[in-house]
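Okay, so here's the structure we're looking at.
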2 protein chains.
Amino acid sequence: MASATVEDYLKHIYLLEQADMDNPVAMGRLATTVGVAPGTATAMIKTLANAHLVDYEPRGGVRLTSTGQQMALHVVRRHRLVELLLVEVLSLDWSLVHHEAEQLEHAISDIVLEKIDALLGYPTVDPHGDPIPTAKGHLKYVQPVSLTDCKPGQQGRIARVSDQDTQFLQFAERHRLTPGMGITIDAYDKYGDAVTVSPKHCDSVTLGTNAASKIFVALSKKS
Amino acid sequence: MASATVEDYLKHIYLLEQADMDNPVAMGRLATTVGVAPGTATAMIKTLANAHLVDYEPRGGVRLTSTGQQMALHVVRRHRLVELLLVEVLSLDWSLVHHEAEQLEHAISDIVLEKIDALLGYPTVDPHGDPIPTAKGHLKYVQPVSLTDCKPGQQGRIARVSDQDTQFLQFAERHRLTPGMGITIDAYDKYGDAVTVSPKHCDSVTLGTNAASKIFVALSKKS
DNA sequence: ATTTTTATTTTGTCTATCCAAAATTCCGGT
DNA sequence: ACCGGAATTTTGGATAGACAAAATAAAAAT
């Protein structure tokens with residue numbers, strides 16, 4: 001059984017790989033996200049490499065092996081299911097949930113985990129809209145699509161807001177159109193040049209296709 | 001913040017003190033219940049004594065200081081609330097809960113703990129009938145009273161069955177009148193010489209006062 | 001092509017926790 | 001008063017994980 005420390009390294013490597021298009025993860029980056037000195041990370045990575053959980057080229061970065069990825073996904077699953085449990089069942093403020101789950105993810109057995117999964121109705125996304133891997137470590141990969149490519153009724157979460165303009169970002173922020181937010185597409189009026197969407201728990205917004213094209217959504221599986 | 005290891009030592013010292021009428025806890029006993037070699041326990045106890053969490057006389061055993069006891073109670077509270085959560089909310093088989101809670105008790109923050117407490121309706125006993133310390137570390141000590149001293153409507157858990165007769169013990173066993181079991185007093189008919197009680201989740205039983213006088217109950221606070 | 005900067009790896013230490021086995025102390029039986 | 005065994009403490013050593021600071025390699029800038 002992997003220690004909590006090892007689990008943390010694996011999880012962070014996984015998340016960093018994801019966030020950087022599957023490129024190998026640089027040591028410095030890993031060290032700071034795990035929260036240790038660089039030398040510490042190097043040492044740990046060597047032992048992970050010995051255990052065949054990562055592939056490691058000195059000065060070339062790390063990347064998970066398939067065994068390592070499997071384990072990482074298992075940690076991520078625990079993390080996200082716990083987050084959801086804390087929000088949905090214990091009504092914990094969602095800003096606190098991530099931090100709490102950070103501890104709990106290492107203390108949940110498989111048996112308890114499956115009970116949580118069942119209690120929550122086998123959810124597919126956590127409170128941030130991030131996908132929850134299945135027990136077998138499968139993750140539904142969703143290529144984000146522009147809002148202009150969505151159809152009414154679809155649901156998903158905002159994956160990216162591709163504009164650097166402060167005004168636009170502030171507008172998006174004001175209407176809760178921020179990455180991670182779960183949204184529903186209410187209407188798409190091609191001729192009226194407008195898309196109406198509802199961010200979860202917030203008022204709906206109508207955007208021109210021009211603006212809508214800058215917002216990318218990861219759709220949930222068929223709703 | 002105390003490490004999980006330290007928390008475990010404190011918890012076990014507390015439980016052993018309780019189980020042995022507040023006598024100081026012998027090293028060997030402590031070592032085996034914590035699951036370490038005797039020398040390891042001695043070493044740890046020295047550091048706990050330095051931190052003023054225990055009083056320690058070489059070869060005289062250990063006993064918690066009031067600070068140590070406070071911390072131990074906090075761990076016990078987490079343990080027992082988690083057990084109850086697992087049973088009541090996640091419907092985990094109760095034979096598994098103790099083991100699971102053993103891990104989780106070290107990963108629950110105060111915030112989450114109070115949410116659990118609230119969700120469960122501020123319970124006073126765990127699934128085994130053991131009392132749950134309050135957030136401030138108070139434990140309602142309940143002097144067990146004979147069933148013949150109970151009034152209808154009262155609830156509690158069986159503390160003791162004071163008879164050595166096998167027949168009687170088997171009778172008690174059959175009707176789930178075993179130590180730790182939570183029960184409700186349904187009726188007490190003084191003139192009919194009978195007490196009727198319902199063990200939790202089981203059929204009610206009616207006992208003559210003769211038998212009832214042999215069964216001692218730790219009553220929950222006013223229900 | 002050098003020099004400078006930055007990232008990474010090494011090296012030497014530290015703490016917490018554990019074990020095994022030797023040394024000690026105490027207690028009951030003679 | 002003495003001895004033997006049980007409990008306890010010491011001693012010596014191991015492992016996981018972490019840091020700081022020196023050494024090195026690679027990348028950038030001149």
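Protein chains get the first letters and strands the later ones, always in sequence-line order, with residue 1 at the start of each.
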Find the distance [X]:[atom1] to [N]:[atom2] and express it as a whole number of Å.
X         : N       : atom1 : atom2 : result
Asn50(B)  : dA16(C) : CG    : P     : 11 Å
His106(B) : dA16(C) : NE2   : P     : 18 Å
Met44(B)  : dC19(C) : CE    : P     : 11 Å
Glu57(B)  : dT8(D)  : CD    : P     : 14 Å
Arg29(B)  : dA6(D)  : CZ    : P     : 18 Å

Which nucleotide in the set [options] lies at the smallest distance from any side-chain heavy atom of [X]?
X        : options                  : value
Met27(B) : dT8(D), dT9(C), dT10(D)  : dT8(D)
Arg59(B) : dT9(D), dT10(C), dT8(C)  : dT9(D)
Tyr9(A)  : dT8(D), dA18(D), dT17(C) : dA18(D)

*Ignoring backbone atoms, establish whether Lys46(B) has a side-chain N or O less than 4.0 Å from OP1 or OP2 of dT10(D).*
yes
_Counting the atoms with a prime plus P, OP1 and OP2 as sugar-phosphate, which does Ser3(B) contact under 4.0 Å by heavy atoms, base, sugar-phosphate, or nothing?_
sugar-phosphate
*Do Arg176(A) side-chain atoms and Cys202(A) backbone N/O form a donor-acceptor pair below 3.5 Å?*
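Pair absent, no side-chain N/O of Arg176(A) close to backbone of Cys202(A).
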*Decide yes or no for Ile185(A) and Gln155(A): does some side-chain heavy atom of the first lie under 4.5 Å from some side-chain heavy atom of the second?*
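In short, these two side chains do not touch, never coming nearer than 4.5 Å.
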*About how many Å separate CG of Leu85(B) and CG of Leu90(A), when rounded to the nearest 0.5 Å?*
6.5 Å
*Measuring from Tyr9(A):OH to Ile45(A):CD1, what's the distance to the nearest 0.5 Å?*
7.0 Å
*Give a yes or no on whether a salt bridge exists between Lys11(A) and Glu102(A), defined as a side-chain N under 4.0 angstrom from a carboxylate O.*
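Here Lys11(A) pairs with Glu102(A) in a salt bridge, since their nearest N and O are under 4.0 Å apart.
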*Of residues 32-42 of chain B, the positions that come close to DNA chain D - non-hydrogen atoms, cut-off under 4.0 Å*: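 Pro38(B), Gly39(B), Thr42(B) - these, ordered by number, are the residues of the stretch whose heavy atoms sit under 4.0 Å from the strand.
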*Mind jotting down which residue pairs meet the side chain to side chain donor-acceptor pair (under 3.5 Å) criterion with at least one end in residues 65-81 of chain B? Sequence neighbours excluded, please.*
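Of all non-adjacent pairs touching residues 65-81 of chain B, those that pass side chain to side chain donor-acceptor pair (under 3.5 Å) are Glu7(B)-Arg78(B), His74(B)-Arg78(B), His74(B)-Asp110(B), Arg77(B)-Glu114(B), Arg77(B)-Asp117(B), His79(B)-Glu83(B), His79(B)-His98(B), His79(B)-Glu105(B).
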